[in-house]
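Each ligand, and each atom within it, is numbered from 1 in the order the structure gives.
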Amino acid sequence: MAVILKTVGLNKVYRLGSFFRAKKIQALDNVNITVESDRPVIIAVVGESGSGKTTLAKTLLRLEVPTSGSAIVYDKEVAGAGSRPSRREFLQSIQPIFQNPFEAFSRYRNVDAYLHETAIRVAGLSAEDARDAVAHALSSVGLEYNDVVGKYTNQFSGGELQRISVARALIPEPSLIVADEPVSMIDASRRMIIINLFRKLRDEEGRSFLYITHDLATAYYISDFIAVMKKGQVVEFGKAQAVMSDPQHDYTRLLLNSIPTTRQRWRPRNVAPATLN
Ligand SMILES: Nc1ncnc2c1ncn2[C@@H]1O[C@H](COP(=O)(O)OP(=O)(O)OP(=O)(O)O)[C@@H](O)[C@H]1O
Ligand SMILES: [Mg+2]
């Protein structure tokens, strides 16, 4: 079986302030997760604001160096003492969708430049093939090539930019997409389209996802595995069905009980897309 994700004793401490008045923030606290599978999977990471979800994503994307511990993604070491793949090789297999698309794209650059750059520099396509790949990726998130090309970030809504971020990440056909709250700015009807697109990409094109969200109901709808984070720790981790039907940690139970439902008690089998938001 392939090691899709394995973190061992992953810690990240941020130090703020001066030497004498240093304040430590334990953004990741001994995170140990192992996902082994023969088929692609969606791993959801759920937790309150500040629980360390983005820090975990950034560490797996090699954008943050952990204070200690190691991480393996698709049998490749991304954090730790071992040898690591080149940046380009890495981005061919692991692609990010960042939490805030306004930070991911400069306001002074045409948005499509990022997509063409990914197609040419990362996927290694010719200019002509790059155009086709960009158009294809945009159409899979419901956007037309001609409606995107030549425009700047201020000419799009937050939701449109998030969809463009999703399209960009699809271009190199990566094994794993690390998606940090990728639908938070998208309206409810389109949100389901993107969420179902991720499931289709898993089932038909072999892509795995690390899907970060605040929302446990969406996590359950989309994922094979769920990690629940609180204060830098993964307090609960397991198969999605097991986490939802038999939560072990009080915090998971609290999240479960806060899912809006017309029923008195949460029933995992009855998640209907209409209840998701
Ligand atoms: N670059 C940084 N410097 C200092 N502290 C940081 C830095 N990045 C994150 N933190 C702190 O680490 C903790 C975890 O932050 P993180 O962004 O990973 O949380 P999160 O779960 O993604 O939250 P949200 O749901 O609001 O996006 C927070 O206390 C945050 O303030
Ligand atoms: Mg975050």
Side-chain angles (χ1 to χ4, degrees), residues 5 7-33 42-71 73 78-79 94-105 158-159 161-163 165-166 168-169 176-186 191 194-195 198 209-223 225-237 240 243 247 249-252 254-256 258-260 276-277:
L5 175 64
T7 67
V8 180
L10 209 54
N11 282 291
K12 178 69 187 178
V13 180
Y14 289 112
R15 283 168 217 280
L16 300 174
S18 67
F19 180 80
F20 294 105
R21 283 184 172 203
K23 189 180 168 227
K24 282 204 231 168
I25 296 170
Q26 184 96 34
L28 294 179
D29 187 357
N30 193 28
V31 171
N32 297 288
I33 301 174
I42 299 180
I43 307 159
V45 180
V46 197
E48 64 197 5
S49 188
S51 57
K53 304 181 297 296
T54 296
T55 308
L56 177 63
K58 284 187 177 166
T59 308
L60 299 176
L61 288 163
R62 289 179 26 182
L63 297 171
E64 288 283 5
V65 178
T67 311
S68 61
S70 62
V73 178
V78 294
I94 304 177
Q95 274 289 316
I97 300 171
F98 292 110
Q99 186 165 4
N100 183 347
F102 292 99
E103 277 173 21
F105 299 123
L161 279 180
Q162 266 186 329
R163 285 194 281 153
S165 300
V166 173
R168 198 205 53 74
L176 179 78
I177 294 176
V178 176
D180 195 349
E181 306 206 31
V183 294
S184 57
M185 294 184 189
I186 300 178
R191 206 176 282 180
I194 298 289
I195 286 171
F198 287 177
F209 290 85
L210 188 86
Y211 185 93
I212 295 175
T213 177
H214 279 100
D215 173 21
L216 192 56
T218 312
Y220 177 66
Y221 178 70
I222 197 175
S223 70
F225 294 88
I226 297 178
V228 180
M229 292 193 75
K230 189 172 196 292
K231 293 186 182 155
Q233 296 179 344
V234 171
V235 294
E236 181 130 7
F237 176 70
V243 169
H249 197 278
D250 282 347
Y251 181 64
T252 315
L254 185 75
L255 288 179
L256 274 171
S258 59
I259 294 175
L276 304 173
N277 52 45

Tell me the closest heavy-atom pair linking F209 and F198, and the distance in Å. CE1-O, 3.4 Å
Checking L254 now: which residues fulfil side chain to side chain contact (heavy atoms under 4.5 Å, CB included) with it, not counting sequence neighbours? Y251
Less than 3.5 Å apart, any donor N or O on the side chain of E181 or H214 sitting next to an acceptor on the other? yes
Less than 3.5 Å apart, any donor N or O on the side chain of N30 or Q233 sitting next to an acceptor on the other? no
Closest heavy-atom contact between S258 and L255? OG-O, 2.8 Å
Apply side chain to side chain donor-acceptor pair (under 3.5 Å) to T59 and E64, showing your working. CA-CA 5 Å; T59 308; E64 288 283 5; over 6 Å; no
Tell me if a side-chain donor or acceptor on N100 pairs with a main-chain N or O of F98 at a distance below 3.5 Å. no
Using a 4.0 Å cut-off on heavy atoms, what residues surround ligand 1? Order them by chain and number. Y14, L16, I25, A27, E48, S49, G50, S51, G52, K53, T54, T55, Q99, E181, H214
Looking just at side-chain N and O atoms, do N11 and S68 make a donor-acceptor pair shorter than 3.5 Å? yes
Could you please tell me which protein N, O or S atoms lie under 2.8 Å from the Mg ion (ligand 2)? T54 OG1, Q99 OE1
Report the residues that fulfil side chain to side chain contact (heavy atoms under 4.5 Å, CB included) with T252, sequence neighbours left out, ordered by chain and then residue number. V228, E236, V243, P247, H249
